[in-house]
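Residue numbers begin at 1 in each chain, while the letters A, B, ... track the order of the sequences.
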There are 2 protein chains.
Amino acid sequence: MLVAARSDNGDAAKTATDFRMGRQVPTAIQTAADIRPAAEALRDIARDLGNFRVAACANIASRSPMTDADGDVLASCVFGWPATKEQWWQKPLLALSSPLTFACRYENEPFWANAHGIHTRAPNPLLDQIDLSLFQGEVNANAVICVPVHMSFGQIAAISFSPFNDKRDDLSKEFDLYSDQLEYHARRFVHGYTRVSSQRPWIPKNCRLSKREVECLRWAAVGKTDVEIALILERSCATVRFHIHNAAIKLEAVNRSQTVFKATQLGYLGNVAAVMVPHPQIEAQVAAK
Amino acid sequence: MLVAARSDNGDAAKTATDFRMGRQVPTAIQTAADIRPAAEALRDIARDLGNFRVAACANIASRSPMTDADGDVLASCVFGWPATKEQWWQKPLLALSSPLTFACRYENEPFWANAHGIHTRAPNPLLDQIDLSLFQGEVNANAVICVPVHMSFGQIAAISFSPFNDKRDDLSKEFDLYSDQLEYHARRFVHGYTRVSSQRPWIPKNCRLSKREVECLRWAAVGKTDVEIALILERSCATVRFHIHNAAIKLEAVNRSQTVFKATQLGYLGNVAAVMVPHPQIEAQVAAK
DNA sequence: GCAAAACCTATGACTAGCGATAGGTTTTTC
DNA sequence: GAAAAACCTATCGCTAGTCATAGGTTTTGC
């Protein structure tokens, strides 16, 4: 089936046009001065594709609104949210609040959602327990297409596209037709925005962690004490501390919390829950002490 | 300029064809049985576009090779790496090793690289200090296009496309023509692979952190002690502990390291270095104690 | 092959910081 | 006004961090 699809469309590999709409990508941002026109481009693309209104949050952990080079808030000045509603980003619990924000933490690809459910490209059981009972009130729409953007340093952005002045509550067709394109432009926009907005970039001078350092750090990150890690790895407590201390030095961190933080941001710990296996017998040994 | 480009191509918004090459996306993975055909599709797309050979690492923090449903290693069975070279993923320091892996930690968008530099869509000063002197030996190619994929839970993937059996060392033209398409398929492939490979998905039952909890946690994540945080926030040390403890309960974490880890994974702390401002006067007060 | 660098392992003592616990007060929200 | 959230004080035991020291193994570069 999948192979057959490739055979039928083999020649399309080199002839497929992309989303750029010309030589430049209108949603890409190179300098702060590009923010406004890029936001306008994103707004217009969303409107042209499905009469969608854009809501964009470059960092779900931050309550700062996205602004252009002059400090004007994009939500009201470009995306068309009424000024009286512009408070939604002061409270991350609204609009891009609990249900959508939650989903963006756990999902890598675009999805659409309404009060009946969150509809992803492929099933994601992690989203099953999200409470959508207050959907309309929280999201200010009956349905929404949402693009999560996971970025470096653990930053997560969320860009949503909701029907503007109409009552659509089933976006499955639009999602099927346009999610790729909306995702592409949302990513380009948010990547660029984040890049030009960044201050004080941080990079340690020598962050080549050794195998042992990472190993000890992983166990620390899942909550094990030095004694427990020592038992797990069959090494002394002092060795464990040595390695963790070494990792801290390399990451230019002052204590364990910061070390874990930075290692996570840089992807050293990955998806630990899938990698590390619990040690019930070690836990019994520790309990016996 | 950007607005003009949109005007010229306004109608393209709804007529642009996408990368899917038909009704299905050949590189998308829904079940484990799709891994092999999807990998073959990715291989073929890369070959058709630019005679590239694929190297894919779904989690730069893991040394497990990517395998299909039968446990066959994709690098040798599908992507065409000689069996004698298939050890590269046993040592994350090779192939997708230091220079490329490093760049993938700090860059959100595709780039191409050779021994002379890392060429991104927009300048990224964080990549300037990456040592490329041993490029050919480490990467096994004169030049490479690389797609970083940042995913949920802090997982980072890297997919590279290097010229197969030829000496190209300047991929700027291919990058300009095909990076979007390669990125699209690499993302779809890796997202799907990660989804079907995941075990023990983890989600806390109540991870709605309060403003205060996040605030305290952020300072802890950048290495501040409880006393320092208390001074910064003008609250007592006990209150800081209280909030951090609350966050730990909500995230189902047993200690501070694990709390910071999980909060980072879920994007609660965001790009803290850009958000939080140092407090030189607080540091002086702590030093005076 | 050799030297240097990197990595690994370990000890012991001490103290700072964290986690748990208990009880209470104040502020905010509905 | 009541309940929930935020804040406060205090204590004590446990864990993490520091310091100084020592030695061995593996990898890398010439």
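Within 4.0 Å (heavy atoms only), A/Thr239 reaches at least one base atom of the nucleic acid. Residue A/Ser236 is in sugar-phosphate contact alone, with no base atom involved, counting any heavy-atom pair closer than 4.0 Å across all strands shown.
The side chain of A/Arg212 lies closest to C/dC8, out of D/dA6, C/dC8, D/dC7. Taking every side-chain heavy atom of B/Arg235 into account, D/dC8 is the closest of D/dC8, C/dC7, C/dC8.
For the pair A/Asp169 (side chain) and A/Ala143 (backbone), a donor-acceptor distance under 3.5 Å is absent.
Using cut-offs of 30° and 60° on the angle between ring planes, the pair A/Tyr106 and B/Phe153 is tilted.
Side-chain N/O atoms of B/His243 include one lying less than 4.0 angstrom from OP1 or OP2 on D/dC7. For A/Lys250, no side-chain nitrogen or oxygen approaches OP1 or OP2 of C/dA6 to under 4.0 Å.
If you run side-chain contact (heavy atoms from CB on, under 4.5 Å) between A/Leu251 and each of A/Leu209, A/Val260, A/Asn246, only A/Leu209 comes through.
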Report summary line: Counting primed atoms, P, OP1 and OP2 as sugar-phosphate and everything else as base, the B/S/- map of nucleotides 16-30 of chain C against protein heavy atoms under 4.0 Å is -SBBS----------

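With ring centers used as reference points, A/Phe261 lies 6.0 Å or more from B/Phe261.
Residues meeting the side chain to side chain contact (heavy atoms under 4.5 Å, CB included) test with B/His245, sequence neighbours left out: B/Ile249.
Here D/dA16 presents its C1' atom at 14 Å from CG of A/Leu217, a figure rounded to the nearest Å. Between A/Ile229 atom CD1 and C/dA10 atom C1' the separation is 17 Å, expressed in whole Å.
Between the two ends of the helix from C/dG1-D/dC30 to C/dC30-D/dG1, each summarised by a five-pair axis, the helix axis turns through 80° (rounded to 10 degrees).
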